[in-house]
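In what follows, residues are counted from 1 in the order of the sequence shown.
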Amino acid sequence: EVQLQASGGGLVPTGGSLRLACAASGFAFDKYVIGWFRQAPGKGREGVSCISNRDDNTYYSESMKDRITMTSDNARNMVYLQINNLKPEDTAVYYCAAGVPYFSSSYYHCVDGMDHWGKGTLVTVSS
């Protein structure tokens with residue numbers, strides 16, 4: 001059974017930082033694309049960052065690329081998302097997801113290319 005469990009969310013002040021973690025199991029982690037997505041209240045889901053564990057091809061969203069770093073630990077089946085200089089508009093539920101690498105670029109997986117989804121972790125940024 002595929003499982004993806006995000007953690008690390010919480011309440012932070014504007015300008016703060018968070019490190020989200022995602023524990024994965026039940027699939028060939030080192031062969032998949034893993035991604036972070038978010039959904040803010042009243043808005044659609046947005047792809048934040050995706051990484052291919054096969055070749056480290058990494059995509060970052062334009063809106064966050066200057067403030068985030070995504071890393072993957074194939075030995076521990078973990079992915080992390082470091083978010084710096086948090087803003088109130090970053091308030092959202094953050095999800096991790098996994099996808100079979102159909103595409104050569106992680107970008108397409110962040111648009112619409114994931115097969116498995118975990119429960120999210122809530123990030124709230126106070127103004």
*Heavy-atom closest contact (Glu62 atom, Lys65 atom, distance)*: OE1-NZ, 3.1 Å
*Drop me the distance from Arg38's CZ to Ser49's OG, to the nearest 0.5 angstrom.*
12.0 Å
_Donor-acceptor contact present, side-chain Asp73 to main-chain Met78, <3.5 Å_ = no
*Could you state the interatomic distance from CG (Leu86) to OG1 (Thr91), rounded to the nearest 0.5 Å?*
8.5 Å
*Determine, using the 4.5 Å side-chain heavy-atom cutoff (strictly less than), whether Ile83 and Tyr60 are members of one ILVMFWY cluster.*
yes
*Does a donor on one side chain sit under 3.5 Å from an acceptor on the other, for Glu89 and Ser63?*
no
_OG1-CE distance between Thr69 and Met64, expressed to the nearest 0.5 angstrom_ = 10.5 Å
*Are any of the side-chain heavy atoms of Lys31 and Pro101 separated by less than 4.5 Å?*
no
*Count the heavy atoms belonging to other residues, nucleotides or ligands that lie under 6.0 Å from OH of Tyr107, then report whether that count exceeds 12.*
no
*Calculate, to the nearest 0.5 Å, the distance between atoms CG and CG belonging to Leu122 and Leu11 respectively.*
9.0 Å
*asked:* When you compare the side chain of Pro88 with that of Thr14, does any pair of heavy atoms fall below 4.5 Å?
replied: yes
*Going through the distances and angles, do Arg67 and Asp90 end up as a side-chain contact (heavy atoms from CB on, under 4.5 Å)?*
CA-CA 11 Å; Arg67 300 185 289 119; Asp90 294 322; 2.8 Å; yes
*Under the side-chain contact (heavy atoms from CB on, under 4.5 Å) criterion, do Val33 and Tyr59 qualify, and how do the steps go?*
CA-CA 11 Å; Val33 176; Tyr59 164 79; over 6 Å; no
*asked:* Does Asp55, at its CG atom, have more than 12 non-hydrogen atoms belonging to other residues, nucleotides or ligands within less than 6.0 Å?
replied: yes
*Within the side chain of Asn57, is there an N or O that forms a donor-acceptor pair under 3.5 Å with the backbone of Ser106?*
yes
*Taking it one step at a time, do Leu4 and Tyr95 satisfy side-chain contact (heavy atoms from CB on, under 4.5 Å)?*
CA-CA 9 Å; Leu4 295 153; Tyr95 302 87; over 6 Å; no
_Parallel, tilted or perpendicular: rings of Phe103 and His109 (30°, 60°)_ = perpendicular
*Do the side chains of Tyr102 and Met114 join up, straight or via other hydrophobic residues, at under 4.5 Å, putting them in one cluster?*
no
*asked:* For the SG atom of Cys96 and the CD atom of Gln5, what is their distance to the nearest 0.5 Å?
replied: 7.5 Å
*Note, Val79 side chain near Met70 side chain (heavy atom, < 4.5 Å)*: yes
*Hey, is the main chain of Val100 close enough, under 3.5 Å, to the side chain of Asp115 for a donor-acceptor pair?*
yes
_Criterion side-chain contact (heavy atoms from CB on, under 4.5 Å) on Phe37 and Cys50, from CA distance to verdict_ = CA-CA 9 Å; Phe37 297 77; Cys50 290; 4.0 Å; yes
*Are Leu81 and Phe29 co-members of a hydrophobic cluster defined by side-chain heavy atoms under 4.5 Å apart?*
yes
*Reported CD1-to-OG distance for the pair Ile51 and Ser72, which is rounded to 0.5 angstrom*: 5.5 Å
*So, for Ile34 and Ala98, which heavy atoms are closest and what is the spacing to 0.1 Å?*
CD1-CB, 3.8 Å
_Hydrophobic cluster membership, Trp117 vs Leu20, 4.5 Å side-chain cutoff_ = no
